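Here is the structure we will look at, set down as structure tokens.
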Amino acid sequence: MALFFLTGPLLLAQGQAPPFLDEKYRPWADSVLASLSPEERIAQLIMIPAYSNKDQVHVDSISGLVSKYGVGGIIFFQGGPVRQAHMINRFQEESKVPLMISLDGEWGLRMRLDSTVRYPYQMALGGISDPELLYEMGAEVARQAKRAGIHVNFAPVVDVNNNANNPVIGFRSFGEEKENVAIKSLAYMRGMQDHGILASAKHFPGHGDTDADSHYSLPVLHFSKKRLQETELFPFQQLMDQGLGSIMVAHMNIPALDDTPNLASTLSRPIVTDLLKKEMGFEGLVFTDALNMQAVASYYPPGVVDVKALLAGNDMLLNTMDVPATIREVKKALERGDISQEEIDQRVLKVLQAKAWLSLDRLQPVDTDHLIADLNSPKAAYLSRKLTEASLTLLRNEDNILPVKGLENTRIASLSLGSDELTEFQKGLERYSPMDHFTFPGDGDMEAIYDLKQELAAYQLVLVGVHGLGIREGGNDFGITPEMNVLIRELMANQAVVVSIFGNVYSLDKIPGLEQASGLIAAYQETPLTQDLTAQLIFGGIGAQGKLPVTINEAFGLGDGLETAAGFRIGYTQPEGVGIATEDLTGIDSMMQLAIRERAIPGGQVLLAKGGQVFYHKAFGYHTYDSLQEVRSGDLYDLASITKISTSLAAFMHLKGLGKFDENETLGTYLPAARGTNKAGLKYSDILTHQARLRSWIPFWMSTVRKNGSFKWFTMKSDSSRRFPVRVADDLYIHRKYDRKIYKEILDSPLNPEPGYVYSDLSFILAPKVVEAITGEGFYDYLERNLYKPLGAATLTYNPYKNYSLDRVVPSEIDTAFRKQLLHATVHDEGAAMLGGISGHAGLFGNANDLAKLMHLYLYDGNYARQQLIAPGVVSAYSRCVDCESGNYRGMGFDRPNKPGDPNGNAAPSAPESSFGHSGFTGTYTWIDPENEIVYVFLSNRVYPSRENRNIYRLNIRTNILEQVYQAMDKNQSED
């Protein structure tokens with residue numbers, strides 16, 4: 001998008017005429033003008049306020065003004081889009097001339113209307129480097145406005161905010177640098193006007209350097225005209241020269257332009273007519289600011305103030321509070337000769353031409369069907385995400401502390417200041433690494449500070465979010481208390497602290513010593529989205545791009561902003577972020593609901609990522625069919641056989657990179673107990689591809705039970721003791737040495753007489769002993785230290801009952817044969833249970849998010865967060881097909897597509913042959929596609945209440961979900 005700036009003195013004519021001045025709009029305007037009476041012509045210059053959140057009396061009163069007087073337009077304030085649309089339709093039907101509908105939508109329709117998309121404040125947008133994003137925003141705001149029946153958006157704010165104490169503009173401005181303000185304003189303006197909505201630059205001649213709020217009093221600007229021309233007027237002229245359609249004039253007293261005491265610029269002919277229209281050559285519509293604001297209303301009564309505004313040269317009178325009085329006063333002015341009928345007609349004609357350009361000559365009622373959905377399209381939400389992400393400004397990054405590194409060696413805490421409950425920021429941080437969370441409310445006292453300091457002393461890194469800030473200073477430092485400052489200062493003195501400010505960027509100046517923070521992020525405002533993205537920035541899911549659009553103090557100046565790269569760890573986005581339309585994935589929700597309805601599963605988690613970006617992550621249904629506990633995205637599931645690739649295979653591949661494991665060696669090489677048995681010579685490449693002639697499984701539990709169903713005395717007890725310390729399930733403990741019997745039974749078992757593929761658990765049951773023999777370290781300890789902690793995957797764990805409350809763990813089966821109970825937070829697999837819940841073939845629990853981190857490690861060939869946790873080439877070698885020519889389609893440990901393209905196969909039909917993963921008996925599934933950079937995780941408890949439930953296989957839900965992604969990708973590519 002090309003942007004052209006003036007460099008010389010102000011021009012005498014607008015460089016590019018407003019779009020509605022095209023002669024093709026003149027015939028309709030002339031015909032309408034000819035049909036209007038003198039009073040109706042005056043009324044066309046009046047725009048009255050309306051609210052869609054008020055009662056029927058209000059609605060009827062507006063209707064009366066429209067019907068009786070024929071006002072030219074309505075400016076809507078607070079309310080909702082559907083309620084407002086019904087009002088618009090009624091008023092348009094009642095109006096002789098179509099009404100011009102307007103709204104203040106500086107940061108989108110959400111500034112006035114609930115149930116609509118919120119875009120960042122202009123101050124945040126001022127920190128964005130790419131103006132094309134603001135053009136996109138303008139275009140999308142225009143789409144939404146047209147859909148809602150709105151024609152004029154009183155935006156952008158082009159005030160140059162060079163006064164940090166400005167009580168009314170501040171965060172509403174693009175910043176303090178006139179060129180930046182002009183660039184951003186122009187992009188926003190063009191986006192709207194190129195898509196059929198009239199933009200309105202405000203507040204002429206510039207409200208940025210004021211210390212009074214014109215809503216309540218009359219600000220006085222003691223500037224020379226030269227200063228105004230060089231600074232305040234600069235962005236207005238830039239927009240005029242590229243076709244600006246309208247301007248809103250502010251209520252300010254400017255002696256250098258008009259020395260009339262207590263006269264607002266809105267009412268000044270030297271300012272509106274001589275400066276704006278003549279000297280600067282503006283030909284578009286000129287709106288007053290609201291005429292009920294105290295800067296003008298405290299000096300002149302309704303009607304009189306409107307006439308004065310008209311005489312000053314304004315075209316449209318905004319917020320006229322007494323329509324009949326205004327019409328009477330204008331008629332008096334005509335009679336006195338203060339204004340001519342010709343002048344009135346010229347302005348009415350301009351208004352009517354603008355209405356024609358806005359397609360009001362062929363007006364259609366607002367369709368209220370699906371209005372909310374249309375206004376909240378996924379594309380609109382994604383644009384808000386892009387804008388917010390691009391605005392986040394990193395101001396401190398001492399020793400490149402961000403993105404956070406070395407999770408395995410860093411104890412992290414989060415602290416939310418100004419909140420007494422867990423914030424969205426803290427929830428976002430939790431996705432990346434386990435941490436303890438703390439809060440400090442706005443009324444926190446010194447005693448609370450002392451307690452927090454004691455608790456936080458044990459953490460090497462504290463991630464602080466500052467919340468609940470006022471958008472204006474308001475005389476209380478934006479809500480930052482002395483206690484907050486004390487706490488931040490003392491934390492920074494003792495440990496690494498990263499501070500994120502969720503509020504007006506000027507609030508940074510109210511926290512002394514922030515330049516000493518290890519990390520500092522300006523997020524500009526507090527929304528769930530800013531908190532989500534700031535958490536991602538801290539851990540490297542996204543990068544930092546923003547630049548400060550204003551000067552804060554000596555430490556943080558205009559243009560400051562450090563950059564970091566995206567993609568350090570997985571990020572979280574929406575489908576549009578990876579080139580997929582959200583609506584093309586609705587089938588996933590439908591399939592999950594079908595599975596729940598058909599009682600294939602009580603509930604589940606689905607996570608999908610592409611290119612390292614999680615674009616779909618949802619929880620469905622309940623823990624059980626009683627519908628008491630909803631599934632949440634952080635809940636843990638029994639992963640069943642996914643344990644194989646997440647523990648045993650993970651350890652082997654890690655050891656392979658260290659030169660301590662070789663798949664060409666034998667079981668006997670690594671496991672002393674296997675030597676002298678028929679398993680000693682089994683080569684690991686055959687073991688991992690399930691063609692080592694091992695039996696598929698052994699029902700170990702059956703040897704513990706008598707014919708009458710009771711347990712043999714030396715096997716299980718209902719109470720733990722020194723001899724029976726190993727927990728199998730609730731109130732069930734096994735003999736401390738029973739694991740030896742299990743391992744011996746495996747090693748003594750016969751081999752299958754014929755070679756070939758037989759899927760077997762047995763070698764994976766032995767795997768922990770193999771890893772311990774190689775490393776001299778506990779199996780899980782090894783995995784946790786070398787893989788899970790560096791990944792931040794804390795929920796990948798055995799026996800979750802030790803560390804998690806039961807409401808976070810999804811139960812599996814009601815075991816009626818062996819354990820005689822609901823299995824909840826203890827492993828489903830009988831063999832793993834008899835080993836105390838820890839095995840290499842089953843027993844691992846986790847949530848979709850943490851399992852996805854491990855799968856991304858595999859996707860990127862052992863590298864995650866710039867750490868090569870598994871040596872390069874190992875994962876790619878183990879995930880390749882070893883003996884495809886013999887009909888064995890598996891990799892070493894990994895499953896692969898057995899019948900590529902088969903809709904009933906073990907993989908999505910469109911999954912490439914290079915893809916790999918694994919499934920689990922409890923209803924779990926994970927798949928990795930290196931060609932398309934896809935990671936897929938599906939977690940469910942299909943075995944509840946019984947493993948006999950095989951509906952999940954009948955419905956083929958797990959692979960069909962991934963197929964939906966491929967179909968969506970194909971559709972997007974074909975549309976491109």
Side-chain angles (χ1 to χ4, degrees), residues 120 128 381-394 397 400-408 410 412 414 423-435 461 463 465 498 500 502 519-523 527-546 561-580 607-618 633-634 788-795 847-860 863-867 869 933-937:
I128 295 175
Y382 179 56
L383 176 58
S384 180
R385 177 176 288 272
K386 288 197 295 182
L387 290 162
T388 304
E389 178 179 334
S391 72
L392 298 180
T393 305
L394 179 62
N397 194 17
N400 292 317
I401 193 171
L402 301 182
V404 175
K405 305 165 189 71
L407 299 183
E408 67 274 25
T410 308
I412 305 173
S414 77
T423 61
E424 292 299 318
F425 175 55
Q426 291 173 304
K427 294 174 186 176
L429 295 171
E430 183 74 33
R431 292 175 303 193
Y432 286 99
S433 180
M435 65 185 71
L461 174 62
L463 306 175
V498 175
S500 300
F502 297 105
L520 176 62
I521 299 168
T527 66
L529 184 57
T530 55
Q531 294 179 73
D532 169 14
L533 291 170
T534 301
Q536 293 194 50
L537 172 58
I538 287 170
F539 281 97
I542 63 171
Q545 310 169 48
L562 305 169
E563 295 185 9
T564 58
F568 187 80
R569 291 188 179 88
I570 57 175
Y572 300 85
T573 186
Q574 60 189 76
E576 284 70 19
V578 295
I580 295 174
L607 183 148
L608 289 150
K610 179 172 171 55
Q613 292 289 306
V614 176
F615 63 88
Y616 185 102
H617 187 195
K618 289 186 181 181
S633 60
Y788 300 162
K789 279 190 173 181
L791 291 171
T795 67
N847 61 35
N849 188 61
D850 281 350
L851 183 59
K853 295 172 187 174
L854 182 62
M855 296 305 109
H856 274 91
L857 178 70
Y858 294 165
L859 173 66
Y860 294 120
N863 191 292
Y864 186 80
R866 308 293 189 272
Q867 289 179 283
L869 300 178
E933 286 192 71
I934 290 174
V935 164
Y936 169 42
V937 176

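Everything quoted here is computed from the prediction, not taken from an experiment. Heavy atoms only: backbone and side chains are in, while hydrogens, waters and symmetry mates are out.
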Any donor and acceptor pair, going by atom type alone, linking the side chain of [X] with main-chain N or O of [Y] inside 3.5 Å?
X	Y	result
Thr564	Ala544	yes
Lys405	Ala865	no
Lys610	Leu608	no

Checklist entry - How would you list, by chain and number, every residue that makes a salt bridge (charged side-chain N to carboxylate O under 4.0 Å, His left out) with Glu933, sequence neighbours excluded? => result none
Checklist entry - Sequence neighbours excluded, which residues qualify as salt bridge (charged side-chain N to carboxylate O under 4.0 Å, His left out) partners of Lys789? => result none
Side chains of [X] and [Y] in contact at under 4.5 Å (non-hydrogen atoms):
X	Y	value
Glu576	Phe615	no
Arg569	Leu407	yes
Thr393	Ile521	no
Ser633	Lys618	no

Next on the checklist: To the closest 0.5 Å, what do you measure between CG (Leu383) and OG1 (Thr388)?
Outcome noted: 9.0 Å
Item to check | Reported CG-to-CD1 distance for the pair Leu859 and Ile570, which is rounded to 0.5 angstrom | outcome: 11.0 Å
Indicate the atoms forming the closest heavy-atom contact of [X] with [Y], along with that distance.
X	Y	answer
Ile538	Leu402	O-CD2, 3.7 Å
Gly428	Ala535	C-CB, 3.6 Å
Gly543	Leu537	C-CD1, 3.5 Å
Phe425	Ser500	CZ-OG, 3.8 Å
Phe539	Leu429	CE1-CD2, 3.7 Å
Asn847	Gly634	ND2-O, 3.4 Å

Checklist entry - Where do Met855 and Tyr936 land on the side chain to side chain contact (heavy atoms under 4.5 Å, CB included) test, with the steps shown first? => result CA-CA 8 Å; Met855 296 305 109; Tyr936 169 42; over 6 Å; no
Polar contact flag, side-chain donor to acceptor under 3.5 angstrom, [X]-[Y]:
X	Y	result
Tyr572	Asn849	yes
Gln426	Ser414	yes
Glu408	Gln867	yes

Item to check | Verdict with reasoning, Thr423 to Gln531, per side chain to side chain contact (heavy atoms under 4.5 Å, CB included) | outcome: CA-CA 8 Å; Thr423 61; Gln531 294 179 73; 3.6 Å; yes
Checklist entry - After noting the C-alpha distance and the side-chain angles of Ile412 and Leu463, does the key distance pass the side chain to side chain contact (heavy atoms under 4.5 Å, CB included) rule? => result CA-CA 8 Å; Ile412 305 173; Leu463 306 175; 3.8 Å; yes
Sequence neighbours left out, what passes side chain to side chain contact (heavy atoms under 4.5 Å, CB included) with [X]? Give chain and number order.
X	result
Ala852	Leu607, His856, Val935, Val937
Ser391	Ala124, Ile128, Tyr524
Ile401	Asn397, Leu461, Ala496, Val498, Ser518
Glu389	Leu533, Ile542, Gln545

Next on the checklist: I'd like to know whether the aromatic ring centres of Tyr864 and Tyr858 sit less than 6.0 Å apart in this structure.
Outcome noted: no
Next on the checklist: Does Leu869 form a side chain to side chain contact (heavy atoms under 4.5 Å, CB included) with Leu857? I'd like the steps, not just the answer.
Outcome noted: CA-CA 8 Å; Leu869 300 178; Leu857 178 70; 3.9 Å; yes
Item to check | Ion pair Asp532/Arg431, N-O distance below 4.0 Å | outcome: yes
